[in-house]
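To keep things clear, I will list the structure first and then write my remarks on it.
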Amino acid sequence: MTVVGPLGLTVRDQTLEADALAGLAAVEEGLLEATKSDVPFITEAAQHLVRAGGKRFRPLLVLLAAQFGDPHAPGVVPSAVVVELTHLATLYHDDVMDEADVRRGVPSANNRWGNSLAVLTGDFLFARASHILADLGPEAVRIQAEAFERLVTGQILETAGPRDGRDPVEHYLDVLAGKTGSLVAVSGRLGAMMAGADESVISVLTQYGERLGIAFQLADDVLDIASDSHESGKTPGTDLREGIATLPVLHLRAQAQASGSAADRELCALLEGDLTDDARHAEVLLRLRAHPALEQARRDTLRYAAEARAMLAPLPTGAARSALEGLCDAVVHRAG
């Protein structure tokens, strides 16, 4: 029994364990190779977040999905590299948009080199991902392009905010389906497809990935408030300080509007204020940790993880399905 990857997934099958560990090692090599440039500075910037580490959640899902076909098929590891490169590229861009100072425990690229170079480095990673995709065939290119469109659409919707009359919680969940769920869904889809799995299996793993991706992001929302030491390298309450309304905050606002509680309205007012002030930030964080809105967000996380697990029912029982179920448990564990 071995823990595979920083998510803490426990694998009890020796063959699957060996495949997963070997696959993840090959993905790391592929990421370093894909981020090399003839220009040393570009290599340094492009490998900045690769070398900072990460959960490698999406590549792991590619590798597990491939177990339903030939896990050693030549397109499996390259497709895992593609989804992680795409994810890393979005992080460079996200940090510019959020004006973040830290990512994965190291200075963000925009903090170290400025916004322009951070954006261009993200573009460089997208280009390298596209180059690898071209060798995987036109269907893989189309799938990735569709997912990227959904990802960007999700980001635009987040920036624009909900239209008048739209439930902010529903809007936020749609944003997450695009921003996070789409690429996790592609991870399951490409892994199974490259391994030659049946179309029915590919469909199951695509739907599983989307729900798991949403649950994964919702767990991050909970962690941002509930944890004492954020595992992503961000300090607790980073989203609050940056003015990002995640699910616990949206639930709080809905409850304040519905109940008219003076305490809830006061907390909402604090959230609208200057949270760069350390004392104010600490007070908001403390009160949110004790508020039912946090527990409601945790229940939403559990619901999406349970939906992801339920999607696996048509798959044959065995080590690979158990590992995918274990990913659901790992996400739930992160949310407490």
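For the single chain, residues carry numbers from 1 onward in sequence order. Below, each value reflects all heavy atoms present in this structure, side chains not excepted, and no hydrogens, waters or symmetry copies.
Glu28 has its side chain out of reach of Leu24: every pair of non-hydrogen atoms, C-beta onward, lies at least 4.5 Å apart. Between Tyr208 and Cys328 there is a side-chain heavy-atom pair separated by less than 4.5 Å. You'll find the side chain of Thr301 stays beyond 4.5 Å of the side chain of Val332, heavy atoms only. Residues Val169 and Leu250 are in side-chain contact: their nearest non-hydrogen atoms beyond the backbone lie under 4.5 Å apart. Between Gln255 and Pro292 there is a side-chain heavy-atom pair separated by less than 4.5 Å. Between Leu327 and Val331, the closest side-chain pair of non-hydrogen atoms is not below 4.5 Å. A 4.5 Å side-chain heavy-atom check between Asp221 and Gln217 finds at least one atom pair inside the cut-off. Put simply, the side chain of Ile244 does not reach to within 4.5 Å of the side chain of Thr238, judged on heavy atoms.
With hydrogens and angles ignored, the 3.5 Å screen pairs no side-chain donor or acceptor of Arg309 with any backbone N or O of Asp329. Formation of a donor-acceptor pair under 3.5 Å by the Asp277 side chain with backbone atoms of Arg280 is found in this model. Judged purely by atom type and a 3.5 angstrom limit, Arg128 uses its side chain to pair as donor or acceptor with the backbone of Ala34. Distance alone, capped at 3.5 Å, places no donor-acceptor pair between the Arg334 side chain and the Ala219 backbone. In terms of modelled atom types and a separation under 3.5 Å, the side chain of Thr35 and the main chain of Thr43 share no donor-acceptor contact. The main-chain N or O of Leu157 is found under 3.5 Å from a side-chain atom of His171 such that the two form a donor-acceptor pair. Without hydrogens or angle criteria, Arg321 side chain to Pro316 main chain gives no donor-acceptor distance under 3.5 Å. Side-chain N or O atoms of Ser79 include one that pairs as donor or acceptor with a backbone N or O of Val76 at under 3.5 Å.
Under the 4.5 Å side-chain heavy-atom criterion for grouping Ile, Leu, Val, Met, Phe, Trp and Tyr, Val152 is not connected to Val141 through any hydrophobic cluster. One hydrophobic cluster, built from ILVMFWY side chains closer than 4.5 Å, holds both Tyr92 and Ile42. Residue Ile132 is grouped with residue Leu63 when hydrophobic side chains (ILVMFWY) are merged at heavy-atom distances under 4.5 angstrom, including chains of intermediate members. Grouping the Ile, Leu, Val, Met, Phe, Trp and Tyr side chains by contacts below 4.5 angstrom, directly or via other members, places Phe57 with Leu183. In this structure, Phe148 is not a member of the same hydrophobic cluster as Val119, with clusters built from ILVMFWY side-chain heavy atoms closer than 4.5 Å.
No more than 12 heavy atoms of other residues, nucleotides or ligands lie within 6.0 Å of CD in Glu199, so this atom counts as exposed by the packing criterion. Around CD of Glu149, the count of heavy atoms belonging to other residues, nucleotides or ligands within 6.0 Å does not exceed 12.
Looking at every heavy atom in both residues, Pro162 comes nearest to Pro168 through CG-CA, 4.3 Å. Ala215 and Ala305 make their closest contact through CB-N, 3.7 Å (heavy atoms, listed as atom of the first residue, atom of the second, distance). The minimum heavy-atom distance between Leu64 and Ala320, with the atom names listed, is O-CB, 4.3 Å.
Using a 4.0 Å cut-off between a side-chain N of Lys or Arg and a carboxylate O of Asp or Glu, Arg241 and Asp224 do not qualify as a salt bridge. Taking a cutoff of 4.0 Å between a charged side-chain nitrogen and a carboxylate oxygen, Glu307 and Arg303 qualify as a salt bridge. Taking 4.0 Å as the cut-off between side-chain N and carboxylate O, Arg289 and Glu295 do not count as a salt-bridged pair.
Taken from CD in Glu84 to CZ in Arg56, the straight-line distance is 4.5 Å, to the nearest 0.5 Å. Atom NE2 of His93 is separated from atom CG of Asn115 by 11.0 Å, given to the nearest 0.5 angstrom. Note that the CD1 atom of Ile143 and the CD atom of Glu139 stand 4.5 Å from one another [nearest 0.5 Å]. To the nearest 0.5 Å, atoms CG (Leu247) and CD1 (Ile225) are separated by 9.0 Å. Going from atom CG of Leu190 over to atom CG of Leu61 covers 10.0 Å, rounded to the nearest 0.5 Å. Between atom CZ of residue Arg58 and atom CG of residue Leu88 there is a gap of 9.0 Å, rounded to the nearest 0.5 Å.
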Can Arg51 and Leu32 be said to form a side chain to side chain contact (heavy atoms under 4.5 Å, CB included), step by step?
-> CA-CA 8 Å; Arg51 295 188 181 279; Leu32 290 173; 3.8 Å; yes

query = Should Ser203 and Gln207 be marked as a side-chain hydrogen bond (donor to acceptor under 3.5 Å, both in side chains) after you check the CA-CA gap, both sets of side-chain angles, and the distance that decides it?
reply = CA-CA 6 Å; Ser203 176; Gln207 296 175 69; 3.0 Å; yes

Hey, mind stepping through His131 and Phe126 against ring-ring contact (aromatic ring centres under 6.0 Å, His included) and telling me if it holds? CA-CA 9 Å; His131 189 273; Phe126 284 131; over 10 Å; no

Q: Test Arg150 against Glu146 for salt bridge (Lys or Arg N to Asp or Glu O under 4.0 Å), laying out the working first.
A: CA-CA 6 Å; Arg150 288 190 62 205; Glu146 290 174 352; over 6 Å; no

Full working for side chain to side chain contact (heavy atoms under 4.5 Å, CB included) between Thr180 and Asp220
CA-CA 11 Å; Thr180 304; Asp220 264 2; over 6 Å; no

Exercise for review: List the steps and the verdict of side chain to side chain contact (heavy atoms under 4.5 Å, CB included) for Leu240 and Leu288.
Suggested key: CA-CA 10 Å; Leu240 291 177; Leu288 269 176; 3.8 Å; yes

Would Leu315 and Leu205 satisfy side chain to side chain contact (heavy atoms under 4.5 Å, CB included), going step by step from the backbone distance to the final call? CA-CA 9 Å; Leu315 297 182; Leu205 290 170; 3.9 Å; yes

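Looking at Gln144 and Thr86, their side chains do bring a donor and an acceptor atom within 3.5 Å of each other. Under 3.5 Å, the side chains of Thr276 and Asp274 contain a donor-acceptor pair of N or O atoms.
Applying the salt bridge (Lys or Arg N to Asp or Glu O under 4.0 Å) test to Glu29 and every residue at least two apart in sequence or in another chain returns nothing. Taking the salt bridge (Lys or Arg N to Asp or Glu O under 4.0 Å) definition, one finds that Glu272 meets it with Arg253, sequence neighbours left out.
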